[in-house]
Amino acid sequence: MKITILCVGKIKEKFYTEAIDEYSKRLSRYCKLDIIQVADEKTPENASPAVERQIKDKEGERLMKYLANSNAHKIVLAIEGKMMDSVELSQYFHRQMVTGCSELIFVIGGSLGLSEEVLSCADLKLSFSKMTFPHQLMRVILLEQIYRGYRIMNHEPYHK
């Protein structure tokens with residue numbers, strides 16, 4: 001299976017990069033992993049809701065270039081999405097594989113979240129928590145959960 005992480009913004013902190021590299025290496029035995037970053041927009045202090053919507057729409061246009069014509073199963077990370085535990089997420093991956101899905105695309109938005117257009121193209125809206133996480137950290141958390149999901153699927157030990 002091919003897994004693509006499509007995200008807004010670049011990782012600047014070395015510790016995030018090192019964690020992403022480690023989980024990418026671990027995942028290489030289970031899947032083909034691709035991480036695609038699109039540029040983020042600068043958000044001015046005290047931006048109005050209209051300005052915030054424009055920023056999300058601009059970032060959304062960049063994301064849609066990869067989503068619009070893709071046959072991949074699209075999973076967007078959104079606070080209002082469905083919550084799953086690690087076993088349920090692993091079972092979800094497994095169901096996608098046995099039904100013939102060859103690619104999953106996970107979408108992580110920028111600091112303001114995702115545009116309505118991106119949210120509307122999702123096959124699944126997934127929430128990791130009602131809390132807000134920095135989008136850079138969310139990449140690490142997502143990669144760890146994908147790795148854990150494969151370990152569970154393959155009946156390999158994992159930390160509970």
Side-chain angles (χ1 to χ4, degrees), residues 1-47 51-67 70 72-90 92-93 96 103-115 118-119 121-122 124-154 156-160:
M1 168 153 311
K2 179 179 180 190
I3 294 185
T4 300
I5 311 289
L6 178 59
C7 40
V8 175
K10 292 187 189 243
I11 301 288
K12 297 176 183 96
E13 295 85 356
K14 184 179 178 187
F15 59 91
Y16 286 137
T17 303
E18 289 172 350
I20 289 166
D21 290 346
E22 177 63 26
Y23 282 110
S24 297
K25 185 176 89 178
R26 291 182 187 191
L27 278 165
S28 67
R29 67 183 275 220
Y30 299 106
C31 64
K32 180 182 181 324
L33 178 68
D34 194 15
I35 299 175
I36 299 170
Q37 301 175 129
V38 300
D40 58 346
E41 291 289 315
K42 299 288 181 230
T43 304
E45 280 290 319
N46 302 315
V51 169
E52 288 185 356
R53 191 172 44 257
Q54 288 174 346
I55 290 169
K56 287 194 293 187
D57 287 346
K58 283 180 185 175
E59 293 172 346
E61 287 173 18
R62 294 179 188 128
L63 294 169
M64 288 305 295
K65 289 179 183 173
Y66 295 92
L67 297 171
S70 174
H73 190 80
K74 299 165 189 75
I75 302 168
V76 300
L77 275 55
I79 288 175
E80 69 277 4
K82 177 179 174 54
M83 286 194 196
M84 296 181 192
D85 64 26
S86 297
V87 172
E88 290 170 315
L89 186 61
S90 177
Y92 185 84
F93 294 161
Q96 294 311 309
E103 182 180 5
L104 299 176
I105 295 180
F106 289 88
V107 184
I108 302 173
S111 59
L112 298 175
L114 293 163
S115 69
V118 172
L119 290 169
C121 80
L124 171 68
K125 292 177 189 163
L126 179 64
S127 176
F128 278 74
S129 172
K130 291 188 183 283
M131 291 185 267
T132 302
F133 296 102
H135 55 280
Q136 301 94 329
L137 178 59
M138 200 61 235
R139 290 187 212 180
V140 177
I141 294 169
L142 174 60
L143 286 167
E144 189 280 334
Q145 285 298 301
I146 293 169
Y147 173 70
R148 184 179 296 262
Y150 273 105
R151 301 281 296 182
I152 294 167
M153 209 181 326
N154 289 294
E156 297 170 352
Y158 68 100
H159 186 273
K160 295 181 183 181

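Here, residue 1 is the first one in the sequence, and each next residue gets the next number.
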Undergrad: Please enumerate all residues that pass side chain to side chain donor-acceptor pair (under 3.5 Å) together with Gln54, with sequence neighbours excluded.
TA: none
Undergrad: Please list all pairs meeting salt bridge (Lys or Arg N to Asp or Glu O under 4.0 Å) that have one or both residues in residues 11-22, counting only residues at least two apart or in different chains.
TA: Lys14-Glu18, Glu22-Lys25, Glu22-Arg26
Undergrad: Drop me the distance from Lys32's NZ to Met1's CE, to the nearest 0.5 angstrom.
TA: 13.5 Å
Undergrad: Can you find a pair of side-chain heavy atoms, one from Ile146 and one from Ile5, that are under 4.5 Å apart?
TA: yes
Undergrad: With a 4.0 Å cut-off on N to O distance, would you call Glu52 and Lys56 a salt bridge?
TA: no
Undergrad: What is the distance from atom CD1 of Ile152 to atom OH of Tyr147, rounded to the nearest 0.5 Å?
TA: 11.0 Å
Undergrad: Pairs of donor and acceptor atoms involving the side chains of residues 127-142, under 3.5 Å and at least two apart or interchain, shall be tabulated with distances.
TA:
residue	atom	partner	partner atom	Å
Ser127	OG	Ile79	O	3.1
Ser127	OG	Ser129	N	3.3
Ser127	OG	Ser129	O	3.0
Ser129	OG	Met131	N	2.9
Arg139	NH1	Gln37	OE1	2.6
Arg139	NH2	Val8	O	3.3
Arg139	NH2	Gly9	O	2.5

Undergrad: Determine the minimum heavy-atom distance between Ala47 and Thr43, stating which atoms define it.
TA: CB-CG2, 4.2 Å
Undergrad: What is the distance from atom CD1 of Ile35 to atom CZ of Phe106, rounded to the nearest 0.5 Å?
TA: 12.0 Å
Undergrad: Roughly how far, to the nearest 0.5 Å, is the CG atom of Leu119 from the NZ atom of Lys125?
TA: 5.5 Å
Undergrad: Per the side-chain hydrogen bond (donor to acceptor under 3.5 Å, both in side chains) rule, what does the pair list look like for residues 58-67, sequence neighbours excluded?
TA: Glu41-Arg62
Undergrad: Tell me, which pairs form a side-chain hydrogen bond (donor to acceptor under 3.5 Å, both in side chains) where one or both residues lie in residues 73-90, sequence neighbours left out?
TA: His73-Tyr92, His73-Gln96, Ser86-Gln145
Undergrad: Which atom names give the shortest non-hydrogen contact between Gly60 and Ser115, and what distance separates them?
TA: CA-OG, 3.6 Å
Undergrad: Just verifying a value: how many Å separate Leu6 CG and Leu63 CG, rounded to the nearest 0.5 Å?
TA: 5.0 Å
Undergrad: Taking the side chain as C-beta and beyond, is there a heavy-atom pair between Arg151 and Tyr30 under 4.5 Å?
TA: yes
Undergrad: What pair of heavy atoms forms the shortest contact from Leu67 to Ile105, and how long is it?
TA: CD2-CG2, 3.9 Å
Undergrad: Between Leu114 and Gly109, which heavy-atom pair has the shortest distance, and what is it?
TA: CD2-CA, 3.4 Å
